[in-house]
Amino acid sequence: MPLVLYNTLNRQKEIFHPISPSEVKLYTCGPTVYDFAHIGNFRTYLFEDILRRWLASKYNVIQVMNITDVDDKTIRRSKEKGIPLHEYTHDYINFFFEDLLSLKIEPAEYYPRATDHIQEMVQIIQDLLEKKIAYQGEDKSIYYDVSKFPEYGKLAHIEVKELKSGARVSHDEYDKEEASDFALWKAWDKEDGNVFWETSLGKGRPGWHIECSAMSMKYLGHHFDIHTGGVDNIFPHHQNEIAQSEAHTGEKFVNYWLHAEHLIVEGKKMSKSLGNFYTVRDILKKGFSPLALRYFYVSSHYRSKLNFTLQGLQGAESSVHRIRDFILRLKSAHGASYPELPEVLNKAYQEFKEGMDDDLNTPRATAAVHESINHLNTPLEEKSISREQAQEVIQFFLHADKILGLNLDEILKESHIPQEIQKLISERESARKNKDYRKADEIRKALQEKHFIIEDTPSGPRVKRIESIS
RNA sequence: GGCGACGUAGCCAAGUGGUAAGGCAGAGGUCUGCAAAACCUUUAUGCGGCGGUUCAAAUCCGCCCGUCGCCUCCA
């Protein structure tokens with residue numbers, strides 16, 4: 001079964017064929033750094049991480065994620081705070097990378113910033129001016145003439161003619177010839193304060209869409225494999241990127257466009273006014289582990305709306321525990337050989353792969369993981385899985401975890417129990433044998449304070465480091 | 001107004017013609033000094049509603065109801 005991806009361009013699932021047989025070039029729309037990214041933003045970034053990880057299991061991946069560090073919002077916020085734009089965005093860039101790290105999102109090869117690529121953008125705009133595809137408005141801003149690009153609207157399935165009836169378009173606000181035209185370069189005005197670049201296009205700053213064209217093509221070439229973002233980017237952002245890039249190069253820009261649906265909260269659009277607005281930090285402050293959030297994202301398909309609830313997140317936390325605990329129990333398996341193991345594992349590998357290959361169907365893939373646990377739990381409890389077999393099962397879980405990212409490899413490493421803890425455990429065991437339960441309970445409590453949880457099982461006490469179950 | 005998506009158990013969520021995966025929560029049980037954890041069993045004659053096509057429909061078609069998104073800078 002080959003990898004199949006849903007391509008927004010054609011509104012259907014398509015077999016993925018990279019341009020180069022061994023390498024995939026991937027552009028993922030990144031954050032505008034005017035504030036902390038929220039859990040809705042991170043749904044998209046996590047989808048991109050899953051995509052990256054699965055592609056990386058088959059190809060060498062070159063990924064670019066842009067950082068938009070100049071736009072209306074960043075300028076306005078930095079002015080409000082009285083901090084230079086660069087300093088203001090610098091902080092939020094750092095916060096963004098911290099959040100990526102806590103969610104175990106694998107780093108991209110490039111994180112280009114818009115403000116570092118003004119020259120590249122100017123060059124494209126110059127070229128579009130020369131080709132008479134762009135024009136200068138009365139306000140000195142430069143606009144893209146949508147009528148010069150016949151396929152405009154194709155990605156979003158929008159007819160340009162219909163755009164004009166859009167109620168939100170106020171013609172008065174623009175000095176462009178058609179309401180559907182969009183800005184490539186914004187001439188400086190007072191609102192921009194000291195944010196501007198003196199270029200051959202005049203004093204001003206780039207429009208939003210041009211940065212992605214410039215930076216994607218700089219790092220990935222004129223024609224590359226995959227471009228992703230949230231569904232709201234389909235129009236106008238990605239449509240405009242196509243128009244700019246293809247008019248500039250005369251080549252096809254991107255083969256596969258992938259878009260993640262939005263996350264909603266308690267059935268409603270997340271918004272600050274509804275009080276249902278969460279950043280990743282808000283979630284962690286409530287005591288949830290970042291892995292629970294990660295698992296929560298993975299538990300639905302990226303093209304479905306995901307309804308975020310605290311109850312749902314709690315459920316994700318429990319699911320993560322179950323998987324992690326299973327691994328721990330496997331580690332100490334030392335029973336007889338389980339004859340059906342090869343069959344169970346083959347099925348697990350196959351279903352995991354089929355799920356992922358089917359447009360990154362992570363719910364199917366995680367179901368394969370849980371199903372393998374269901375099949376192996378009884379033999380594991382009955383001590384009919386051998387040490388060697390347990391290793392094979394662990395290999396499957398590590399394989400799946402290359403995608404799921406639940407830190408299962410760390411759990412396996414965290415096996416060393418310090419001497420003093422070992423000593424306390426055996427003291428407690430002898431106390432229990434002497435039926436001195438008061439002392440036993442005291443030691444259990446003391447161990448807990450040292451972040452070790454002790455669980456009595458028929459085959460003796462089991463120790464868990466509290467961090468290891470997070 | 002235009003374009004589009006979705007509606008499966010208490011919650012989350014797979015399944016696009018062959019008789020409802022998986023997870024969470026709940027209930028019962030095993031184990032246990034207690035606790036915790038774990039394990040086992042169990043939970044939709046039903047897939048928003050009504051019709052239709054078919055030997056067979058959650059899946060295809062029509063209508064209706066409901067929720068949501070996009071339509072110029074929101075992931």
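Protein chains get the first letters and strands the later ones, always in sequence-line order, with residue 1 at the start of each.
B:U59 is unpaired under the Watson-Crick or G-U wobble criterion, no partner having all donor-acceptor distances under 3.5 Å. Nucleotide B:G17 is matched to nothing when pairs are restricted to Watson-Crick or G-U wobble geometry with both distances under 3.5 angstrom.
In the set B:G33, B:A5, B:A75, the nucleotide with an atom closest to the side chain of A:Arg444 is B:G33. Taking only side-chain atoms of A:Leu263, from C-beta outward, the nucleotide of B:C34, B:A14, B:A75 with the closest atom is B:A75. Considering only side-chain atoms of A:Asp441, the nucleotide from B:C73, B:A75, B:C34 that sits closest is B:C34. For A:Tyr45, whose side chain is taken as the heavy atoms from C-beta onward, the closest listed nucleotide among B:A14, B:G33, B:A75 is B:A75. In the set B:A75, B:G23, B:C70, the nucleotide with an atom closest to the side chain of A:Ser319 is B:G23.
B:A38 atom P lies 14 Å from atom CG of A:Leu330, rounded to whole Å. Nucleotide B:C24 holds its P atom 13 Å from the CD atom of A:Gln311, rounded to whole Å. Rounded to an integer number of Å, the gap from A:Ile234 CD1 to B:A5 P is 11 Å. One can place CG of A:Asp71 at 11 Å from P of B:C73, the figure rounded to the nearest angstrom. Per the geometry, NE2 belonging to A:His321 stands 13 Å off C1' belonging to B:A36, to the nearest Å.
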(request) Please lay out, stage by stage, how A:Tyr152 and A:Tyr144 fare under the test ring-ring contact (aromatic ring centres under 6.0 Å, His included). (result) CA-CA 11 Å; A:Tyr152 193 82; A:Tyr144 188 101; 7.1 Å; no
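A salt bridge links A:Arg53 with A:Asp49; the closest basic N to acidic carboxylate O contact falls under 4.0 Å.
Under 3.5 Å, the side chains of A:Asn407 and A:Arg324 contain no donor-acceptor pair of N or O atoms. No side-chain donor-acceptor contact under 3.5 Å links A:His259 and A:Asn233.
Between the side chain of A:Lys186 and the base of B:C73, at least one donor-acceptor pair of N or O atoms lies under 3.5 Å.
Tested against A:Phe308, the residues A:Asn276, A:Ile264, A:Ile39 include a single side-chain contact (heavy atoms from CB on, under 4.5 Å) partner, A:Ile39.
With both ends at atom C1', the span from B:C65 to B:G49 equals 7 Å, rounded to whole Å.
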